[in-house]
Every structure is written in structure tokens, then in C-alpha cells.
Amino acid sequence: MINYGKVEKMKDEKMKIEERMQNMKKFYTKAGELIDKLPDAIPVKTREKLKDVILGDKELKKLMEGIETHRPPRIFLIGRTGVGKSSLINALCGTYVAGVSDTRSCTSETQVYKCMDGDRTLMEICDTRGIAESESINSEISAEAMLISQINEFSPDVAILMLNCTHRDDVTRDVEFLKTLAKSYQETNSLRLPIVVVINKSDEMAPSRFKEPSTYPQSKVDKIQEVVSYYKGIIVRSGLKIDDIIAVSSLIDWQTPDGLEISVEDIENLPKKDIENLQIAFDGRYRIEELLDILEEAIQDFEAQMGLRMAARLTEVVRRLAKHLNTVFSGIAATVALTPIPVSDIYVLLILQAVLVTLIASLSGRDISLDTAKEFIFSMGGVAGLGYTFKLIAQQATKFLNGVWPGAGSAISSGIAAVGTSAIGKAAIGYYIEGKGLEEAKKVFDSEKNKK
Ligand SMILES: Nc1nc2c(ncn2[C@@H]2O[C@H](COP(=O)(O)OP(=O)(O)OP(=O)(O)O)[C@@H](O)[C@H]2O)c(=O)[nH]1
Ligand SMILES: [Mg+2]
């Protein structure tokens, strides 16, 4: 069985996120050197071009710098008691980080707290029931003005308005409040406050017995979408500028490491050690991954954006970073191929992809060489065969082209380069990060490359 640098069992499951990031960065820093060391058959011009596109890419550079400079994102949450604000934070992080209340409310008026996982601060949250439920403490100053000054002091990277999927609340006051807040935020920070609307508890939409997102019947999905349209209409007509609106479920059932399933309202009674080590007994999260993408896009500060990526569990962080790498490299490949790449210049694309595969592997905690990465790519195109050296590629170019990018003909266009690179990246994520077998990774590749 060919092994492209994969270890049988993830021996380094516990390897710290920071360590893996450093691992990846080390490789990136070395990339120039590695390209210089490529076989002589590769023209100098090609090498220089590669170094230019990889080391000169702004997005990639920012990603690597972000490893050093990330900070926890600050999120302002507004939504009525019990809508699931605390649960949403847990769902975003994939770990139990904040107190969840059932009928009692455990978050007082407005609270600022840090979400911790061990000694890592994942996020900073400012949590309020919103204007609909707040009372003025000091009669001299209105509740609204007080809230706004508190929120401005907190200086959020993004605001999330949370609504309930199963009842259509009157959102006028919260929307008006957000309009005022956005205006004052703009004046204070000279920046627009990104606002995302999250409609929670999608799982409770009828038929509510379907809790597992992959089993939601179409009728349920349609009803959820109706609620989204309903709220979207109201909000847009009110004149509040939002970044996006999405329906999710934050549903997670928790259990202690010894297998005791525990309801959310009892969690706080557990010994501290159990709370810190809670595991997911049932994962009913719906479209949380998409919400993370939306938040990532909405947050303008790069360090906070990076912090959001790193707020999840190790496996999720790694997957999200790999996904981002993939996007960046597909972009680079598309740029490189703006002038269609002739067969003789196929190296550029191949090596670019080999660098991507190597970075993805390094994120998974493995060190593989560019050669190993290249073999992995060949095996995807069905040109498998150890022993293909870079020298031989030129002779095999047509075969390689047809295997990897059918219809590429004698030159590769921008679109094909991007899709092909993204397909390779996704296959590598499947193989190195998700632990899929080679056959399965190849299936991922085949279905991705045929996407338009
Ligand atoms: N079925 C389902 N239950 C949810 C979901 N999100 C939260 N809940 C439940 O709703 C209840 C309230 O959730 P919380 O996260 O405490 O709500 P909150 O908005 O933080 O409430 P306050 O802190 O009191 O303002 C808890 O019992 C949660 O388990 C969801 O998406 N689906
Ligand atoms: Mg709460």
C-alpha cells in the first residue's frame, strides 16, 4: 500500500494548534529554498515565477503573519432570553465554553465575558437581552444610551442579532436599536459595524423530531427558509443594513468523559473538571459552518478574523485553515493561468499544488516533502507510479493533463487551473486531515474537478 506520508493513527492528536501553525509557517518560510532545490530540468524562469506567486501572495502572507498576531474576536450578541445566545457560542467553538440556561436566565442585563478553553481565550462576548427586555438602572440616562455606550466601549468586531425560528417575534425595537448603535459605532470608530442576523433553533421547526441535520426533510428546510425570508423582509424594509441572515441550530447534547449525558441546566452543578472536559453526545448543529464563514467575511479586522478561525476545536481549526489555504491557492493558480499555461509550463501548476498539499499535510501535523506531495497529486490523476520524476513530467504532460484536467487540451486556462487546484486541495484535506483513504480522497478529487 502506497503511503503518501500518512501515519496510520493520529499519534499527535494532542499536538497543540499553535505548534501546527508554526509547523506550517516553517514550511512556508522554507518554500523559496525548496523551489531553488528543484531539479535542474525546471527552468529558472519557472522557479522565479513560482517564488513570486507563492511568497508574493498577499493573502497567503497575511495568513502566515496571522499565526503570530491573532486575537480573540469580540462579538456583540443581542437576543431575547432563551433564544440560545450562550448555546450559539458553544456551537461556534464546538466546545462547552459558556453557561447555558434553560428557563432561568443566567446572563444578567448586559455581560461581557471571555470564552475560555483551558487557558486559551477563544472569544470575547458582550451579551444582552436587548432593548426589548432592558430597564433603565439610572433614570437620568436612558437604557438605550447606556447600552450603546457599554457596547461602544466593548468595541465589537461584529454584532449578531439572534431570533427564534419557531416564533415570529416583533423585532422592531431591536432593529431600531441596532440602527442607532450602528450609527454611533460608525461615528466612534469610523468603521461600519458588521451585523449578522442568526435565526436559531431551526431543529424545532416542524417536523421537530428530525434533529439530525442530514435527515431534515425538504418540507422542514423549506419552512426554515420561509422564516428567513420573513425576517429578511422586515429587516430590509426597516432600513437596517445587515451583512447576512442565516437560520441555524445550535443544538448540542453534552456528556461527561465517563459517558454521563447531562442536560444543559445541570451542567453548572458538575465538578469543574467535568465541565472542562465535556464531550459532544449528540451534534445537532445546522449550518454553523456556514455561519462561521459569514462571520469570517463580516469581521474586518484581520487579527480578529484569524482569531475566529482559531476559536474552534483543534480538528475544526485545522480544517478551516486548510480550507482557507485552498481558497488562496486556487486564486493563485487562476492568476498564474491568466495567460493560459502551455504544456511545457505545467511545472508551475504542479509545484504550486505540491506546495499546497505540503502545507495541508503540515497542518495535520505531518512533514512531507514536495516529492511526496507530487506523488499524491499524480495518484489523484490516475498517473500514479512512484518514480515519476519532474524530468519525466514533460514527456508525460499530455497524459498528466488528461488525467488531471480532462479537456485541458494543450493549454490550461485560468478556470481549469483554479478548479483543479481546489480539487487537489480538497482531496488533500480529505486524506491528510479527515483521515480518508486514498480511494476516497480520489473520489473527492473526481467529483470536485468536474464541478464548474
Ligand atoms: N432545540 C434547540 N435548543 C436550543 C438551541 N439553542 C439553545 N437551545 C436551548 O435553549 C435554552 C436556552 O439557551 P441559552 O443558550 O441559555 O439562551 P440564552 O439566549 O443564552 O439565554 P439568556 O442567557 O437567559 O439570555 C437551553 O435549554 C438550550 O439548550 C437550538 O438551536 N435548538
Ligand atoms: Mg446566555
Side-chain angles (χ1 to χ4, degrees), residues 75-116 122-135 143 147 150-151 154 159-167 169 171 173-174 177 196-216 220-221 223-224 227-228 231 245-255 261-270 275 278-292:
I75 299 177
F76 168 59
L77 278 176
I78 179 166
R80 290 168 197 218
T81 306
V83 71
K85 298 182 292 299
S86 306
S87 307
L88 179 74
I89 299 303
N90 293 333
L92 289 172
C93 297
T95 168
Y96 187 86
V97 287
V100 179
S101 71
D102 192 12
T103 45
R104 294 163 299 133
S105 47
C106 67
T107 321
S108 63
E109 193 84 4
T110 298
Q111 229 189 30
V112 174
Y113 58 89
K114 285 183 177 162
C115 298
M116 306 288 293
L122 306 181
M123 292 177 183
E124 289 177 33
I125 308 294
C126 174
D127 180 331
T128 180
R129 262 61 151 297
I131 199 70
E133 286 177 46
S134 73
E135 286 166 45
L147 258 177
Q150 279 171 347
I151 297 159
F154 173 69
I160 298 179
L161 169 63
M162 272 191 92
L163 304 171
N164 193 319
C165 201
T166 54
H167 35 92
D169 286 321
V171 293
R173 289 193 69 188
D174 283 340
F177 173 75
V196 174
V197 181
V198 174
I199 305 169
N200 194 36
K201 305 202 185 184
S202 291
D203 58 286
E204 290 189 342
M205 201 54 138
S208 63
R209 65 181 181 281
F210 296 97
K211 296 288 183 201
E212 163 68 49
S214 61
T215 67
Y216 282 14
K220 179 168 177 142
V221 175
K223 277 195 200 113
I224 294 169
V227 180
V228 173
Y231 277 124
I245 179 165
I246 184 173
V248 305
S249 168
S250 308
L251 182 64
I252 295 178
D253 290 336
W254 301 95
Q255 67 178 23
E261 270 206 46
I262 186 113
S263 63
V264 279
E265 49 271 31
D266 293 332
I267 286 179
E268 292 302 320
N269 301 332
L270 283 171
I275 298 180
L278 281 173
Q279 297 167 350
I280 296 180
F282 173 74
D283 192 346
R285 284 180 291 175
Y286 174 67
R287 302 197 68 192
I288 291 294
E289 182 79 18
E290 283 102 318
L291 175 58
L292 277 165

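Because the structure is predicted, anything quoted here is derived from the model rather than measured. First listed ligand is number 1; within each ligand, the first listed atom is number 1.
Here is the list of ligand 1 atoms found below 4.0 Å of a heavy atom in E204: 1 (N), 2 (C). Remark: ligand 1 atoms within the under-4.0 Å shell around heavy atoms of V264 are 27 (O), 29 (O). For ligand 1, the atoms closer than 4.0 angstrom to any heavy atom of L251 are 1 (N), 2 (C), 30 (C), 31 (O), 32 (N).
Q150 places none of its side-chain heavy atoms less than 4.5 Å from the side chain of C126. Between V228 and I199 the shortest side-chain heavy-atom distance falls below 4.5 Å. In this structure, the side chains of T95 and L122 come closer than 4.5 Å at one or more pairs of heavy atoms. The closest side-chain heavy-atom distance from P207 to K220 is below 4.5 Å.
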Item to check | Audit row: L278, L270, side chain to side chain contact (heavy atoms under 4.5 Å, CB included) steps and yes/no | outcome: CA-CA 10 Å; L278 281 173; L270 283 171; 4.0 Å; yes
Next on the checklist: Could you go through E261 and F282, starting from their C-alpha distance and side-chain angles, then the distance that decides it, and tell me whether this counts as side chain to side chain contact (heavy atoms under 4.5 Å, CB included)?
Outcome noted: CA-CA 10 Å; E261 270 206 46; F282 173 74; 6.0 Å; no
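For S86, the nearest N, O or S atom to the Mg ion (ligand 2) falls under 2.8 Å.
Using a 30° and 60° split on the angle between ring planes, Y286 and Y216 fall in the tilted class, from 30° to 60°.
Nearest to atom 15 (O) of ligand 1 by heavy atom, out of S202, S250, S87, is S87.
S249 counts as a contact of ligand 1, since one of its heavy atoms falls under 4.0 Å from the ligand. Taking a 4.0 Å cut-off on heavy atoms, R80 registers as neighbouring ligand 1.
An N or O contact shorter than 3.5 Å is missing between T81 and ligand 1 by distance. The distance criterion of under 3.5 Å between nitrogen or oxygen atoms is not met by E265 with respect to ligand 1. Residue G84 has at least one nitrogen or oxygen atom sitting less than 3.5 Å from a nitrogen or oxygen atom of ligand 1, judged on distance alone. Considering both main-chain and side-chain atoms, K85 comes within under 3.5 Å of ligand 1 through a nitrogen or oxygen pair. The shortest N or O to N or O distance between G79 and ligand 1 is not under 3.5 Å.
A donor-acceptor contact shorter than 3.5 Å links the side chain of S202 to the backbone of V248.
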